[in-house]
Number of protein chains: 2
Amino acid sequence: MTEIKQTTIETVVDNLMYLQPLLSKSFSKQMRTKTNLNPGSLFIMGVLSVHKTLSMSDIGRKLSMPKPHVTVLIDKLIEEEMVERIADLSDRRIVNIHITEKGITQFQNIKQEISEEMRQQLQQLTKEQLTTLVTATQQVRELLIISFGKPSGCPNTKNQAS
Amino acid sequence: MTEIKQTTIETVVDNLMYLQPLLSKSFSKQMRTKTNLNPGSLFIMGVLSVHKTLSMSDIGRKLSMPKPHVTVLIDKLIEEEMVERIADLSDRRIVNIHITEKGITQFQNIKQEISEEMRQQLQQLTKEQLTTLVTATQQVRELLIISFGKPSGCPNTKNQAS
DNA sequence: TGTAATAGTTGTATCTTTGTAACCATTATG
DNA sequence: CATAATGGTTACAAAGATACAACTATTACA
């Protein structure tokens, strides 16, 4: 019934929607058990491991995470010495978050632990399939960054004082 | 410092970890605003739109969602007539969940709304990039299903009565 | 038949995330 | 200079998800 002719974009949406649960299955689970960090903190460590230093708002934008939430998570990460607050010289409102050496190695360790666990699962793939997966994930990552890596704002930036 | 030579699997993990926030940015947000369904229910509709009928445990396994949580979400979906409970004939313990016609069309509509929103974002890509994205997401989807689409159990299957 | 295992439900406590609102400090703008 | 806008923080409420524990019903097994 109902002929379903999908557009290109609908196919992408379809695929991406199916990816979400698969991803959470593949390691959100691992995260919860293997680390003392909650998912949100892990994501922050993820972007910081790439960008090294980001302002609070940058983090919120990149992860579309409400600013109050970012504050709370950063507080915890600072307690564990994974990151540090650094005042911005040019704009004193801005608080820059910098990943520490400890944070870098700790995050590296976490990723390796997860990789270890995933190795078992991924070994079901042939050498060619694994190569394809590397390329494909890389492409998806890059193309989604182009499409969605933009500012686009994060919550609690409301100040529509009437 | 610390020479980082990534293995193939570590690269995959790296990419997948970066994907998670991008995905939630790209439509977890949309979901929250565009539908009256919460993310969990959407995921259930996602697997049901593919498999049409699944037992409660199947759903829990596919989404690695605790069984009690599945029960709650299914209750809501039934209220909205998106799915229906069907007793299993061969094993009377099993409750099969079947997506309704309404559920199919509703879910289709939701996907189209999300697609509409995403179109704007994805139009920043060239025709070639978009083609690449379709192929890449398809590949990632298929390969992750091979790797992680297995049973693997879901919580609350504990019955180690001592 | 008795016991263990499986499928599912109910209930509760806790954690995580989101959404607001109010607030301070600083910068930008008229 | 007055005011608006931005960057961050604090606090609180509500939604969503996870983890347990206990329980029923049914099936598998010895």
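Letters go in sequence order (proteins before strands), and every chain restarts at 1.
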- Task: Would you mind telling me which of D:dG7, C:dT17, D:dT18 lies closest to the side-chain atoms of B:H69?
- Result: D:dT18
- Task: Measure from CG on A:N38 to P on C:dT18 and round the result to the nearest Å.
- Result: 11 Å
- Query: Does B:T71 put a side-chain nitrogen or oxygen below 4.0 Å from OP1 or OP2 of C:dT10?
  - Reply: no
- Item | Proximity to the side chain of A:R85 - top-ranked nucleotide from C:dG8, D:dT9, C:dT16 | D:dT9
- Nearest-Å distance, CG (B:D58) to P (C:dA7)? 9 Å
Each nucleotide N or O in nucleotides 26-30 of chain C that has a protein N or O under 3.5 Å away: list the pair and distance.
unit_1 : atom_1 : unit_2 : atom_2 : d
C:dT26 : OP1    : A:R92  : NH2    : 3.1
C:dT26 : O2     : A:R93  : NH1    : 3.4
C:dT27 : OP1    : A:R92  : N      : 2.8
C:dT27 : O4'    : A:R93  : NE     : 3.4

- Look at the side chain of B:T100 and the backbone N and O of B:E81, then say whether any donor-acceptor pair between them is shorter than 3.5 Å. yes
- Message: What is the distance, to the nearest angstrom, from the CG atom on B:L37 to the P atom on D:dG16?
- Response: 10 Å
- How far apart are the closest heavy atoms of B:Y18 and A:V47, and which atoms are they? OH-CG1, 4.3 Å
- In whole angstroms, how far is the P atom of C:dC15 from the CG atom of A:L42? 18 Å
- Message: Any salt bridge linking B:E116 with B:R119? Criterion: basic side-chain nitrogen under 4.0 Å from a carboxylate oxygen.
- Response: yes
- Give A:D75 one of three labels, base, sugar-phosphate or nothing, depending on what nucleic acid heavy atoms sit under 4.0 Å from its own. sugar-phosphate
- Identify the heavy atoms of B:S55 and B:I94 that sit nearest to each other, and give their distance. CB-CG2, 3.8 Å
- Query: Less than 4.5 Å apart, any side-chain heavy atom of B:L130 and any of B:K127?
  - Reply: no
- Item | Nucleotide C:dA25, atom C1' - distance to CE of A:M56 in whole Å | 15 Å
- Message: Could you tell me how far apart B:K67 (NZ) and D:dA22 (C1') are, to the nearest whole angstrom?
- Response: 14 Å
- Query: With respect to the phosphate group of D:dG8, does any side-chain polar atom (N or O) of A:S55 fall under 4.0 Å of OP1 or OP2?
  - Reply: yes
- Task: Please report, rounded to the nearest Å, how far the P atom of D:dT26 is from the CG atom of B:N96.
- Result: 16 Å
- Within this structure, what is the CG-to-P distance between A:N36 and C:dC15, rounded to whole angstrom? 14 Å
- Query: If you check the A:P68 side chain, which of D:dT10, C:dG8, D:dC20 turns out closest?
  - Reply: D:dT10
- Message: With heavy-atom distances below 4.5 Å as the criterion, would you say the side chains of B:L48 and B:H98 are in contact?
- Response: no
- Heavy-atom distance under 4.5 Å between the side chains of A:F148 and B:M118, does that happen here? yes
- With the side chain defined as heavy atoms from C-beta on, B:S57 is closest, among D:dA17, C:dA7, D:dG7, to C:dA7
